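Since we're looking at a predicted model, the values are computed, not measured.
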Amino acid sequence: MFIEHNSQNSLYRTPFGAVPQGSRVTLRLFVQSANLPAAVTLFTSLGEAVPMRFDFDMCGGRMYVCTLSVSATLFYYFLVNGDGEQVYYGNNAACLGGFGDVSAGEPLHKFQITAYAPSFRCPAAFSKGIVYQIFPDRFRRGGEAVSVGIPRAWGETPFFCAEQFGGTYTSGDFFGGTLYGILEKLPYLADLGITYLYLNPIFDSSSNHGYNTRDYRHIAAHFGGDAAFRALAAEAKKVGISLILDGVFSHTGSDSPYFQAALSDENSPYRAWYSFNDSAVGYDCWWGIPSLPNVRETEPSYLDFMLRNKDSVVRQWLRAGAAGWRLDVADELPDVFLDTLREVVKEENPDAVIIGEVWEDASNKESYGAKRRYLTGAQLDSVMNYPLRNSILDFICGRIDAVDFQRRVMSLAENYPPMVFYSTLNFLSCHDVPRLLTVLGNAPTLPDRAAQSTYRLPPENRAIAMQRLPLALLLQLTLPGVPCLYYGDEVGMEGYGDPFNRGCYPWGQEDDAVFSIYQSLLALRQNEPDFTKESFSFLYAAGRAIAFCRGNTIVALNAGNAQAELDLPMKKLSLGAMDYTVFAKEESNENYNAGYNFT
């Protein structure tokens, strides 16, 4: 039996997987079998069993059709009953949409239609921007130095074992980077075309990473304090750069006055923020780490303090100059917290952006036994695009072919509301994953932290990384979404995961060859308006080569080690090994929209 499924939004008449709530959606199923079906039924996650009607005969099979009104995100599958034959048809094992799988019982994987609020909009300035992420302790020194923790010399390897901290791992080694140091380099960032700075946590904390917040009301003294933030926000605004802060709202530091008061006084107003128990630690903590006590985000007094009060933490920093929030571990923030946060943020500044840390497809993410609704228009504007990062690196490094890459990208295009698809935070490195060059250079898996700390790509591996870098960066900068550069990647920094991906920016020791690649491709992104338009279609995907269209601009890329011949709708194109080209489509050609198109 051969079965093929396609769908169409009867309002917008484009391929889809995400539609405004209330849309009328037509689903079609083509069945080709020796025994034509007696009945075809559509089953949805809302408990509906919808009979599909015969539409017409085609190619020795039959087309069946039904129309639904979609008011909420749906997951669905089909049951085909024939003469003595019954099969189910659902999504494929990779959950990427497109061709599905036949099964004898109810499918494990279902097809998806994402429904979002018709009024949902993402900040326009953000969707057209370029983001630069900074780990503040490691970017640049500036202003008056404040001694804290274990002082380190600039450029030394970050500490990575408990012994280096005196027996207990504390992330307490500091290199002295400050907000004033960032301020001094605003011209450099503006010249790169950066429009947003995403800063890892800068609130008062005892660690270099800041994810154990001590005081949400003040900027850490070692970063320059509140005055440094005001100065940075003001100067950044002058050069067209906005600031995005890292909001760590699922836990605090154990040394915070909130937790210490709750711990010592059962009548403390902060007692209800935490969950105390009879465990060895005595309270719930993030991933079992005692220095990170979890908070009860739905506790009314916590919601008031963080969000609802007229002088809440979120309001305070938006008024002080922040233009958005990146939400740490968004899957651990309950819906009521995210719903309220969006209301507060948009009330303060409708153009402020809300970005969630979600490592999977955020349209169908499940956490703590519940499907999340991040992308319905009531919570997030954007998410960190881990699926795209993984897809780009897998494709460029030869772990998947062009067809698999296309399927992965199109799955996001179909599952995400279009305004989110064009606003995802597209990164290739960040503080939680190995550096880009390290990955591109086929760095070996080294479980030993000491070995990781000293590893640098040998010349032959560095050469491989440099071959692959332009291709990976080109995809990051030209595929739909908002590119985000991680500080120092543009000058050739390497490093495995935390803390080796958090080294010091090598001022005066930059790799000019790497920087030149970034400069030229960033200029391409900035000079071609098509790369920020809500328009995208794949034109070609075969072997190790792909081509896609953004507006009137076509990007073609060959990630293979041999020449590739691309048969595009408008012309045949030959690309050398590890090569790419970007060109304008001919205005007279009407076939450039072949394949999927999301204009």
Side-chain angles (χ1 to χ4, degrees), residues 129-146 152-156 158 174-202 208-210 219-246 320-324 326 425 427-431 435-437 473 477 482-495 501-523 525-526:
I130 301 175
V131 181
Y132 190 90
Q133 180 190 352
I134 290 178
F135 195 82
D137 181 56
R138 313 288 163 80
F139 183 66
R140 183 175 172 83
R141 292 173 173 171
E144 185 176 343
V146 175
R152 304 294 309 285
W154 195 263
E156 290 182 333
F174 290 82
F175 288 83
T178 68
L179 300 190
Y180 288 117
I182 298 172
L183 186 154
E184 292 171 3
K185 283 298 177 179
L186 286 174
Y188 162 74
L189 297 171
D191 286 345
L192 283 178
I194 304 304
T195 58
Y196 284 84
L197 282 184
Y198 155 39
L199 304 176
N200 284 109
I202 58 175
N208 54 48
H209 55 68
I219 306 300
H222 54 268
F223 291 147
D226 297 353
F229 178 80
R230 289 193 296 270
L232 175 61
E235 292 304 309
K237 185 176 181 180
K238 292 178 183 177
V239 295
I241 295 177
S242 302
L243 305 182
I244 298 173
L245 301 185
D246 210 332
R326 178 264 190 187
L425 192 71
F427 64 99
L428 296 176
S429 294
C430 76
H431 63 292
R435 289 267 179 183
L436 176 59
L437 280 185
L473 186 59
L477 294 174
V482 180
C484 178
L485 311 182
Y486 188 44
Y487 79 102
D489 272 2
E490 78 275 19
V491 292
M493 287 182 67
E494 299 178 23
N501 53 7
R502 305 175 181 183
C504 296
Y505 192 105
W507 299 108
Q509 302 176 48
E510 298 89 344
D511 186 318
D512 291 337
V514 173
F515 187 64
S516 177
I517 293 171
Y518 273 82
Q519 274 189 313
S520 62
L521 289 176
L522 283 167
R525 163 83 183 197
Q526 295 171 71

Would you say [X] and [Y] make side-chain contact, with heavy atoms under 4.5 Å?
| X | Y | result |
| --- | --- | --- |
| Phe223 | Asp137 | yes |
| Leu189 | Leu197 | yes |
| Phe427 | Tyr198 | no |
| His431 | Tyr487 | no |
| Ile194 | Leu186 | no |

Would you check if the side chain of [X] reaches a backbone N or O of [Y] as a donor-acceptor pair within less than 3.5 Å?
| X | Y | value |
| --- | --- | --- |
| Ser516 | Asp512 | no |
| Tyr486 | Asn501 | yes |
| Glu235 | Ala231 | no |
| Gln519 | Ile517 | no |
| Asp511 | Val491 | no |
| Thr195 | Ile130 | yes |
| Trp154 | Tyr505 | yes |
| Glu510 | Gly508 | yes |
| Arg138 | Gly503 | no |

For [X] against [Y], the heavy-atom pair lying closest together:
| X | Y | answer |
| --- | --- | --- |
| Asp246 | Arg326 | OD1-NH1, 2.9 Å |
| Gly129 | Val482 | O-CG1, 3.4 Å |
| Gly155 | Cys504 | N-SG, 3.4 Å |
| Arg435 | Gly488 | NH1-C, 3.8 Å |
| Pro201 | Gly210 | CB-O, 3.3 Å |
| Val514 | Leu437 | CG2-CD1, 4.3 Å |

Find the distance between [atom1] ([X]) and [atom2] ([Y]) and round it off to the nearest 0.5 Å.
| X | Y | atom1 | atom2 | result |
| --- | --- | --- | --- | --- |
| Leu425 | Cys430 | CG | SG | 9.0 Å |
| Leu179 | Phe229 | CG | CZ | 8.0 Å |
| His222 | Ile202 | NE2 | CD1 | 10.0 Å |
| Ile219 | Leu245 | CD1 | CG | 7.0 Å |
| Glu490 | Ser429 | CD | OG | 10.5 Å |
| Leu243 | Tyr196 | CG | OH | 10.5 Å |

Q | Full working for side chain to side chain contact (heavy atoms under 4.5 Å, CB included) between Leu428 and Asp489 | A | CA-CA 9 Å; Leu428 296 176; Asp489 272 2; 5.6 Å; no
Q. Given the rule in the side chain to side chain contact (heavy atoms under 4.5 Å, CB included) test, do Asn200 and His209 qualify, once you have shown the distances and angles that lead to the verdict?
A. CA-CA 7 Å; Asn200 284 109; His209 55 68; over 6 Å; no
Q) Is the Lys NZ or Arg CZ of Arg502 less than 6.0 Å from the centre of Phe174's six-membered ring, within 45° of the axis? A) no
Q.
Run Leu473 and Tyr518 through side chain to side chain contact (heavy atoms under 4.5 Å, CB included) and show every step you take.
A. CA-CA 8 Å; Leu473 186 59; Tyr518 273 82; 3.7 Å; yes
Q. For the residue pair Phe515 and Tyr188, does the interplanar ring angle fall in the parallel (under 30°), tilted (30 to 60°) or perpendicular (over 60°) class?
A. parallel
